[in-house]
Amino acid sequence: MGIWSAPRRRMATGMVAVLAVVTVAPASASARVPERAGGASQAAPACKGVTEATLNQWIRNANAGADVRQVVTARPAGCQVTIGAQGLDQLFGRLTLSTTGGRVILHGGDSIFDVQARAVLSVTGFTLSGATNSAVSTTYSTRTTLSDCTISGNSAFFGGGIANSGGAITINNCLITGNTSQGAGGGIANSGATSTLKVVDSKINANNGLYGAGLYNAAGTITLINTEINENSAQGAAAGFVNSSGTATVISSDISRNIMAIDNAGGFSNAGTLNIINSTVTDNRGTAFFNGGILLVSGSRISGNTGGGAGGAINNGGGGTATVADSEITGNKAGGAGGGIANVDGGAVELINTEVTGNTAGEPGGGLANTGGGLVIVSGGTVTGNTPDQCSQVTGCG
């Protein structure tokens, strides 16, 4: 359960499962269903042959000790099962659900899947939408795998789309879009020292939240590989990703066009350990990185980001350390000092073989600014073509 999650339901019990393949066909009822690309919606027929009661029976069978594996054939693709306000029963056992013949939508409920201690859930080929307390909510010692899925149009105070509190979640080839959090993690919230989240070949787009509209991490471990975090909107901190503590590693990914309503991080806010490897952080409204922890950027491009205060690409402060190696910092803008990087409040920055070019600041330090008595070291690379000057209070840089 998330640290801000609502109270959950009591466990239901039932008989041992009989494994089966279920074929579902349309009925006359219809609903509004998000398309995979997000945004638009279309009418969806109700599924015939599988209902909320069917899903609950499978969960009860799993809770009774069966290893339940169900393949649902959608006829036609895109039919919908409507979930009641309380959501499906809590899962304590092992449940595997997959689709064939097209997508099946599970819509509504408190949480659609509420995965409890030591449970194992695998979901492939479904759309999960319309939940009011996270589409998927997990707790400690759980294992959850989501593949070829869409998580869209859900809401919660903590983790609008997915809330992981102590479990292990793997997400493969999924779209997480249009979800909302009134607190942290519009798309996904990950919290607790035992929480692990791995996202591969996926998109976390157009979610909304107060903190970390795309992703929020507190004390857990997150790995993103070949994943987009785009066009998320936040009102408090970091439209793309808040890493408030814990460790996050981003590899071969794109973080772009995220929007902050106030002057804060459009891309990342980091107070833990954040590694950015072979990735792009571009065109965010708000500084690309607001860092007070440990930040490593390697083989990456930070460009086109716009911050209203100090640091268009990186605002490093609060005693944080930032190391940027073999990377490009170009075309960023800051309303204050440090169009490229602003080192404030006693932080430390080291640039290794990095190009800092074409950045613009409203105060001295078009490329680099060291305004808080901290340390900035430039080893190799170039600092050139910045406006109104190259550096401010950086030793060895004019």
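Values reported hereafter were calculated over all heavy atoms of this structure, with side chains retained and with hydrogens, waters and symmetry mates removed.
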**Asked** Taking T194 for the side chain and G166 for the main chain, is one N or O donor matched with an acceptor at less than 3.5 Å?
**Response** yes
Would you say the side chain of W58 lies within less than 4.5 Å of the side chain of L95, judging by non-hydrogen atoms?
yes
Discussion item. Between T142 (side chain only) and A117 (backbone N and O only), is there a donor and an acceptor less than 3.5 Å apart?
Written reply: no
Check: Checking S181 side chain against F157 main chain: does a donor-acceptor pair fall under 3.5 Å?
Finding: yes
Taking every heavy atom of A334 against every heavy atom of G339, the minimum-distance pair comes out as CB-CA, 3.9 Å
Single-linkage hydrophobic cluster, 4.5 Å side-chain cutoff, L128 and I188 together
yes
**Prompt:** Transitively linked via ILVMFWY side-chain contacts under 4.5 Å: I204 with F126?
**Reply:** yes
Closest non-hydrogen atoms of A369 and G365, given as atom of the first, atom of the second and distance, are CB-CA, 4.1 Å
| field | Hydrophobic cluster identity match, I276 and I255, side-chain contacts under 4.5 Å | value | yes
Query raised in the report: Is there a donor-acceptor pair closer than 3.5 Å between any side-chain N or O of S202 and the backbone N or O of V200?
Result: yes
Task: F113 and L97, any side-chain heavy atoms less than 4.5 Å apart - done: yes
> Any donor and acceptor pair, going by atom type alone, linking the side chain of N232 with main-chain N or O of A206 inside 3.5 Å?
Replying inline: yes
Stepwise, does the side chain to side chain contact (heavy atoms under 4.5 Å, CB included) test hold for N316 with L295? CA-CA 9 Å; N316 185 63; L295 171 65; 5.8 Å; no
Closest non-hydrogen contact found for D89 with R60 is OD2-NE, 2.8 Å
* Sub-3.5 Å donor-acceptor pair from the side chain of S327 to the main-chain atoms of S300, do we have one? -> yes
Look at the rings of F241 and F268 and say which category their plane angle falls in: under 30° parallel, 30 to 60° tilted, over 60° perpendicular.
tilted
**Message:** Test side chain to side chain contact (heavy atoms under 4.5 Å, CB included) on T357 and E328; report intermediate values, then the result.
**Reply:** CA-CA 8 Å; T357 61; E328 299 178 15; over 6 Å; no
Item to complete: Ignoring hydrogens and angles, tell me if any N or O in the side chain of N63 forms a donor-acceptor pair with the backbone of F92 under 3.5 Å.
Response: yes
CE of M260 to OG1 of T306, rounded to nearest 0.5 Å, is 14.0 Å
query = Are V199 and V281 connected in a single hydrophobic cluster, I mean Ile/Leu/Val/Met/Phe/Trp/Tyr linked by side-chain heavy atoms less than 4.5 Å apart?
reply = yes
With heavy-atom distances below 4.5 Å as the criterion, would you say the side chains of C391 and V383 are in contact? yes
Quiz item: Side chains of L274 and N291: closer than 4.5 Å at any heavy-atom pair?
Solution: no
Value for CD1 (I169) from NZ (K198), rounded to nearest 0.5 Å, stands at 14.0 Å
Sequence neighbours excluded, the answer for salt bridge (charged side-chain N to carboxylate O under 4.0 Å, His left out) partners of R257 is E231
Does I176 form a side chain to side chain contact (heavy atoms under 4.5 Å, CB included) with I171? I'd like the steps, not just the answer.
CA-CA 10 Å; I176 300 168; I171 299 172; 4.1 Å; yes
Applying side-chain hydrogen bond (donor to acceptor under 3.5 Å, both in side chains) to R301 and not counting sequence neighbours gives S303
Taking atom types as modelled and ignoring hydrogens, do the side chains of H107 and S129 form a donor-acceptor contact shorter than 3.5 angstrom? yes
Smallest heavy-atom separation, A239 atom then A234 atom, equals CA-CB, 3.5 Å
- Query: Within the distance-only criterion (no hydrogens, no angle test), does the side chain of T177 pair as donor or acceptor with the backbone N or O of N205 below 3.5 angstrom?
  - Reply: yes
*Joint hydrophobic cluster, V50 plus L121, side-chain heavy atoms closer than 4.5 Å*: yes
To the nearest 0.5 Å, atom OG1 of T354 lies from atom CG of L368 at 10.0 Å
S269 side chain to A238 main-chain N or O, any donor-acceptor pair under 3.5 Å?
no
Open item on the list: Pairing donors with acceptors under 3.5 angstrom, does anything connect the side chains of E355 and T382?
Closed with: yes
For A189 and A184, the nearest pair of non-hydrogen atoms, with its separation, is CB-O, 4.0 Å
Side-chain contact test, heavy atoms from C-beta onward, threshold under 4.5 Å: evaluate it for L88 versus I83 and give yes or no.
yes
d(N179 CG, S155 OG) to nearest 0.5 Å is 8.5 Å
- Using only heavy-atom distances, determine whether the side chains of D254 and T280 contain a donor-acceptor pair under 3.5 Å. yes
What one should report as the nearest heavy-atom pair of S252 and S279 is N-OG, 3.2 Å
dist S191:OG -> N217:CG (nearest 0.5 Å) comes out at 8.5 Å
ask   = Are V356 and V378 side-chain neighbours, meaning at least one heavy-atom pair lies under 4.5 Å?
value = no
| With no hydrogens and no angle check, do the side chains of T138 and N164 hold a donor and an acceptor under 3.5 Å apart? | yes
* To do: Could you walk me through whether R69 and S98 pass the side chain to side chain contact (heavy atoms under 4.5 Å, CB included) test, one step at a time?
  => CA-CA 8 Å; R69 299 172 182 268; S98 61; over 6 Å; no
- S111 side chain to S134 backbone, donor-acceptor under 3.5 Å: yes
Value for CD1 (I341) from CG (N370), rounded to nearest 0.5 Å, stands at 11.0 Å
Just wondering, do L215 and L197 contact through their side chains at under 4.5 Å, heavy atoms?
yes
Modelled atom types, side-chain donor and acceptor of N359 and N332, under 3.5 Å: yes
Item to complete: Indicate yes or no: at least one non-hydrogen side-chain atom of T321 is less than 4.5 angstrom from one of T323.
Response: no
